[in-house]
Amino acid sequence: MKIVRGMAKTFYSILDNTHSPIYLHVLLDYNSKLRTSRTLRKVARTFQRRLNVTYYDVNDMADQNRMAITTIRKYFFNKDVGRYNDDIFFLTEVFHEAFPKRLRKIIFLDVDLKFLSDIQTLYQKFEKFQPENVIGIGPDLQPQYRVDFSKYRKSHPGTLVASARPGRQGFNTGVVLFDLDRMRRSHLYNSLLNATVIENLCNKYQFKGYLGHQDFYTLTGMEHPELYYNLDCSWNRQLDVGWKKEVGNDIFEQYHRCEGNIHVLHANGDSLIPKDPVRIRNNKM
């Protein structure tokens, strides 16, 4: 129920900030479909909007892509971190194979978000992709990857890997733009789904992941940054501050800061979204 309520709030905030038609593609297990469909219809009725939605059984989708999921799980789930054991965290990497070919671009969203701006503006970011970009993704606003790449950083003084720079500090998958057509066509991207290639990258960067797809994008982004469009942090303003205790305030703020007006808030780590929309929009939380 917590997930369903979060999904309803996220969908509500999307409709509250756009007049554009919205088409949802919802991944769920079969037993969740009835409750989920009722909830989404209720939100759509609130705005007197038509509900355009397709439901996918995530278990069927995972079974059809089991080989890829098994490979990715092997290298990016080195310790059991609760919900990150679910197949969904190893499936987004092959969305271009899992979704019907008629889908060309999708925005992937967590269900703990609050939109403050029009999602159409976010969709327009696809137009800013460089020719090599296949995925748009924002930075992880905690120094998690500074710690996870610590062995590599220690043996490579001055490296930009996991430094506090956009595109280098690691990614967060709360909001992701997938250009499915480009993913299907990219020889480089698809070559990275090979077990030998992944193992070589893990060894090179002395990296052991446990957050599934987020670790995959972060690791491959260190090696091939050209594959990723750096989505501004304002479209995935994460609120979790758990790492502050681990690294201290000075280092934490280097990674957590996010300049400019905020468009999407992400209540990751069970954080709470502030109630004052004016202060939030102007990044004064």
Side-chain angles (χ1 to χ4, degrees), residues 76 78-79 81-82 84 89 108-110 112-114 116 122 125 133 135-177 201-202 204-274 279-285:
F76 301 107
N78 284 286
K79 62 180 179 180
V81 186
Y84 292 104
F89 295 102
F108 176 79
L109 301 174
D110 272 358
D112 53 359
L113 306 175
K114 182 180 178 64
L116 305 175
L122 174 60
K125 298 296 181 183
N133 298 157
I135 292 172
I137 189 169
D140 192 70
L141 298 182
Q142 299 208 72
Q144 161 140 0
Y145 290 108
R146 180 187 180 97
V147 174
D148 290 348
F149 283 95
S150 59
K151 291 183 178 180
Y152 181 86
R153 288 172 56 82
K154 185 176 181 179
S155 60
H156 295 77
T159 181
L160 292 179
V161 169
S163 61
R165 298 189 182 188
R168 307 304 289 174
Q169 67 190 62
F171 296 127
N172 181 274
T173 51
V175 178
V176 187
L177 306 180
L201 286 178
C202 288
K204 174 180 177 177
Y205 290 100
Q206 300 171 269
F207 181 80
K208 292 185 177 181
Y210 52 90
L211 299 179
H213 57 184
Q214 182 167 296
D215 288 338
F216 173 84
Y217 300 132
T218 292
L219 178 63
T220 56
M222 297 299 174
E223 184 75 3
H224 297 288
E226 68 272 19
L227 287 174
Y228 298 97
Y229 170 78
N230 291 319
L231 185 66
D232 190 84
C233 60
S234 62
W235 287 100
N236 182 7
R237 194 2 168 162
Q238 301 129 57
L239 302 178
D240 188 13
V241 296
W243 277 89
K244 184 182 292 188
K245 298 178 181 178
E246 301 290 332
V247 300
N249 188 67
D250 289 344
I251 290 178
F252 177 80
E253 287 302 327
Q254 292 177 31
Y255 290 80
H256 194 64
R257 64 190 176 198
C258 181
E259 305 296 334
N261 292 345
I262 304 302
H263 302 290
V264 178
L265 288 167
H266 184 184
N268 60 326
D270 291 323
S271 54
L272 298 176
I273 293 178
R279 290 176 61 83
I280 292 172
R281 184 173 293 279
N282 294 294
N283 206 5
K284 297 177 180 180
M285 293 179 286

Shortest non-hydrogen contact between N133 and E226, atoms and distance: ND2-O, 2.8 Å

Distance col, row N230:CG vs I135:CD1, nearest 0.5 angstrom, shows 12.5 Å

For the residue pair H266 and L113, establish whether any side-chain heavy-atom pair is separated by less than 4.5 Å. yes

Under a 4.5 Å cut-off applied to non-hydrogen side-chain atoms, are L239 and P274 in contact? yes

Taking C-beta and beyond as the side chain, do L219 and C202 meet within less than 4.5 Å on heavy atoms? yes

Taking the side chain from E259 and the backbone from R257, do they hold a donor-acceptor pair closer than 3.5 Å? no

Can you name the nearest heavy-atom pair linking L141 to H256, along with the distance? O-ND1, 2.9 Å

Between CZ of F108 and CG of L177, what distance do you get to the nearest 0.5 Å? 12.0 Å

Is any side-chain heavy atom of H263 closer than 4.5 Å to one of L122? no

Rounded to the nearest 0.5 Å, how far apart are OG1 of T218 and CD of E223? 14.0 Å

Could you grab the distance from atom CG of L272 to atom CG of D112, nearest 0.5 Å is fine? 11.5 Å

Over all heavy atoms of both residues, which pair between D110 and T173 is shortest? Give the atoms and the distance, please. OD1-O, 4.0 Å

Ring pair (Phe, Tyr, Trp, His ring centres under 6.0 Å) filter on F171, not counting sequence neighbours, yields Y228

Side-chain heavy-atom pair M222, Y152 within 4.5 angstrom cut-off: no

With side chain to side chain contact (heavy atoms under 4.5 Å, CB included) as the test, would you mind laying out the steps for T220 and L201 before giving the verdict? CA-CA 8 Å; T220 56; L201 286 178; 4.2 Å; yes

Is there a donor-acceptor pair under 3.5 Å between the side chain of Q254 and the backbone N or O of A164? no

If you take all heavy atoms of G174 and N172, which pair is closest and at what distance? N-OD1, 2.9 Å

If the condition is salt bridge (Lys or Arg N to Asp or Glu O under 4.0 Å), which residues does K151 pass it with, not counting sequence neighbours? none

Nearest heavy atoms of D140 and Q169, plus distance in Å: O-NE2, 2.8 Å

Check: Y145 and F207 side chains under 4.5 Å, non-hydrogen atoms: yes

E253 and K244: side chain to side chain contact (heavy atoms under 4.5 Å, CB included), yes or no, with the steps? CA-CA 8 Å; E253 287 302 327; K244 184 182 292 188; 4.1 Å; yes

What closest approach, in Å, do D215 and F76 show between heavy atoms, and which atom pair accounts for it? CB-CD2, 3.5 Å

Can you sort out the partners of D250 under salt bridge (Lys or Arg N to Asp or Glu O under 4.0 Å), two or more places apart, ordered by chain and number? none

Is any side-chain heavy atom of P139 closer than 4.5 Å to one of C233? yes

Testing R146, Q144, R165 one by one against Y255 for a side-chain hydrogen bond (donor to acceptor under 3.5 Å, both in side chains), which residue passes? R146

Are R168 and V161 packed together at the side-chain level, in the sense that at least one heavy-atom pair is separated by less than 4.5 angstrom? yes

